[in-house]
2 protein chains.
Amino acid sequence: MSDLRRPDARPLYAQVEAILNERIVSGAWTSGQALPAEPELAHELGVSPGTLRRALSGLERRHLIERRQGRGTYVARHTSRAALGQFFRVRTLDGRPADPESFITRVTTGPATEEEAARLALPPGAEVYRVDRSRRLDGAPRIAERISLPAALFPGLNLPIAPDQLGAEIYVHYQSAHGITVVRSEEVLSAAAATEEDAAVLGIPLGTPMLVIERVTFDAARRPVEMRVSRLDTRAHRYAVELT
Amino acid sequence: MSDLRRPDARPLYAQVEAILNERIVSGAWTSGQALPAEPELAHELGVSPGTLRRALSGLERRHLIERRQGRGTYVARHTSRAALGQFFRVRTLDGRPADPESFITRVTTGPATEEEAARLALPPGAEVYRVDRSRRLDGAPRIAERISLPAALFPGLNLPIAPDQLGAEIYVHYQSAHGITVVRSEEVLSAAAATEEDAAVLGIPLGTPMLVIERVTFDAARRPVEMRVSRLDTRAHRYAVELT
DNA sequence: CAGTGGTCTAGACCACTCG
DNA sequence: GAGTGGTCTAGACCACTGA
């Protein structure tokens, strides 16, 4: 067991958090697995229970673990309700979460565009998969979406095409089939007129104002692992943000 | 000093946080004032230093206080750079924070509309002030904005009209002139075509796709204190969100 | 150098879960 | 009832700030 003493400038709890983070990222602890009890883990790492707990709180805040009183601490699965809604900000006009259903319309492969290479931190010409989806909200088609993935991170891209096997839960698939745990996304929003493709996919008039959402998602190792562009018809839905 | 023992189900640190929150909301501790040192405050409240620190961390997370090692803990002023950027999500295309400049074009008074009454939790017909602003980003007019305020919370609405006295820092004015400390906002975003008013105010073609941002802001007592609708021309700017 | 917040420790007790 | 995480305490020591 490594010694954690001083030369490293970071506080001890931050070093402990990084060590535990690495165990999850590397797969030493896998999704759903129970961590050792806190006193045991604290002893193994050579820190006090209080310091260990502070490190665990950091992992919990980033949704890498889940703690349940009386039961134990578990590596987070991306299947809980909280995790499902974590990155989906679309609401109905009265504020309820929209119920999304996804249909994959096309999967293609090719060299990364300049923008894909920049956003995904890929070398020029690296191969990417592109997944086009049409998404229904509360029954009607509302979102046209393209997801770009580095081929190197998703060997074989074993994507089921049937919507009921994938649905909105593509990040669950990343974790279970490719071992990639997403923890953070950056989104930039703008407005644009519906293109001919939007009009065809969503059955709306050409030029309808659309909300364009460009997202880059990062995993626990801070690598960009996905880029997506979603075009949302906001005539019956909204994108909700809370600022604190 | 009140006793904090058991019957109350909330954890002690949460009760302490609520007590300190109330001292700030009520004005007993005013903006910029130094709090007593931690050991002293812990003794006054009859809790251990650790419990007090946990309560202070909650207040810090909500930006109600600022802690500076070696100096002390202070009731937050809404003047620090962090506070200024806290609620302003607009960025340039390359991701840098946009530099906003505001021009008040009109201030009016009248009974609340149905929507204003609902969002601001006002009785029907309550009086509201409405402030219309045109906002320039990096030199060009990009945002048309209307702010609605409950007249009861802003007696006299002593708003300076000169842009250099108000600027983007309207929440600083709320705090210094009306004693209202904002801590949280909810925003919903949609896309819409530029109206004739948008076109006139911003000098853009009718029908240009606009990003519409509807915001309701709450103070530390959880009252809604402001509603605003901002219409942003996204041809040169974006709205940025981070999801964790 | 006195005073402040930040870190770290060690342990008691409580609340919850499940067999 | 055994085992878990959640709360709370008491105090030592460190790092930083400003007079």
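In this text, all values refer to a predicted model and were calculated from it rather than measured experimentally.
Atom CG of L56(A) and atom C1' of dT4(D) are 13 Å apart (whole Å). Taking atom CG of L52(A) as the reference point, atom C1' of dT7(C) lies 15 Å away to the nearest angstrom. When the P atom of dG3(C) is taken as reference, atom CG of L35(B) falls 19 Å away, rounded to whole Å. E66(A) has its CD atom 16 Å from the C1' atom of dT17(C), to the nearest Å. Spacing between atom CD of E38(A) and atom P of dA2(D) amounts to 21 Å, rounded to whole angstrom units. Distance, L45(B) CG to dC8(D) C1': 15 Å, rounded to whole Å. The nearest whole Å value for the distance from the CD atom in Q69(B) to the C1' atom in dG18(D) is 14 Å. We find that CG of L12(B) is positioned 13 Å from C1' of dC14(C), with the value rounded to whole Å.
Both Y13(A) and G70(A) sit near DNA chain C, but only Y13(A) has its closest nucleotide nearer the 5' end.
Fit an axis to the five pairs at each end of the helix from dC1(C)-dG18(D) to dC18(C)-dG1(D) and the two axes sit 20° apart, to the nearest 10 degrees.
Residue T73(A) places at least one side-chain N or O under 4.0 Å from the OP1 or OP2 atom of dG5(D). Between R71(B) and dC16(D) there is no side-chain N or O to OP1 or OP2 distance below 4.0 Å. For the OP1/OP2 pair of dG6(D) and a distance below 4.0 Å, the side-chain nitrogens and oxygens of R67(A) include at least one atom meeting the criterion. Contact between the side-chain N/O atoms of S48(B) and the OP1/OP2 oxygens of dC8(D) is not found at any separation under 4.0 Å. Taking side-chain N and O atoms only, R68(A) has no distance below 4.0 Å to OP1 or OP2 of dT4(D).
Looking at L64(B) and V25(B), their side chains never come closer than 4.5 Å, going by heavy atoms from C-beta outward.
R54(B) comes within 4.0 angstrom of sugar-phosphate atoms only, judged by non-hydrogen atoms across all strands, and of no base. Base engagement by R53(B) is indicated by at least one non-hydrogen atom pair under 4.0 Å involving a base atom.
No cation-pi contact links R89(B) to Y239(B), judged by a cut-off of 6.0 Å to the six-membered ring centre and 45° from its axis.
Remark: of the listed residues L149(A), D219(A), T181(A), L149(A) is the sole one forming a side chain to side chain contact (heavy atoms under 4.5 Å, CB included) with Y174(A).
Counting only distance, with no hydrogens or angles, the side chain of R238(A) and the backbone of T234(A) share a donor-acceptor pair below 3.5 Å.
Around the CZ atom of R119(A), the shell of radius 6.0 Å holds no more than 12 heavy atoms that belong to other residues, nucleotides or ligands.
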Margin query: I'd like to know whether S57(A) forms a side-chain contact (heavy atoms from CB on, under 4.5 Å) with E17(A), so could you lay out the CA-CA distance, the side-chain angles of the two residues, the decisive distance to 0.1 Å, and finally the verdict.
Written below: CA-CA 9 Å; S57(A) 296; E17(A) 182 176 340; over 6 Å; no
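With dC16(C), dG5(C), dT9(D) as the choices, the nucleotide that has an atom nearest any side-chain atom of V47(B) turns out to be dT9(D).
The shortest non-hydrogen separation linking A220(B) to N21(B) is O-ND2, 3.6 Å.
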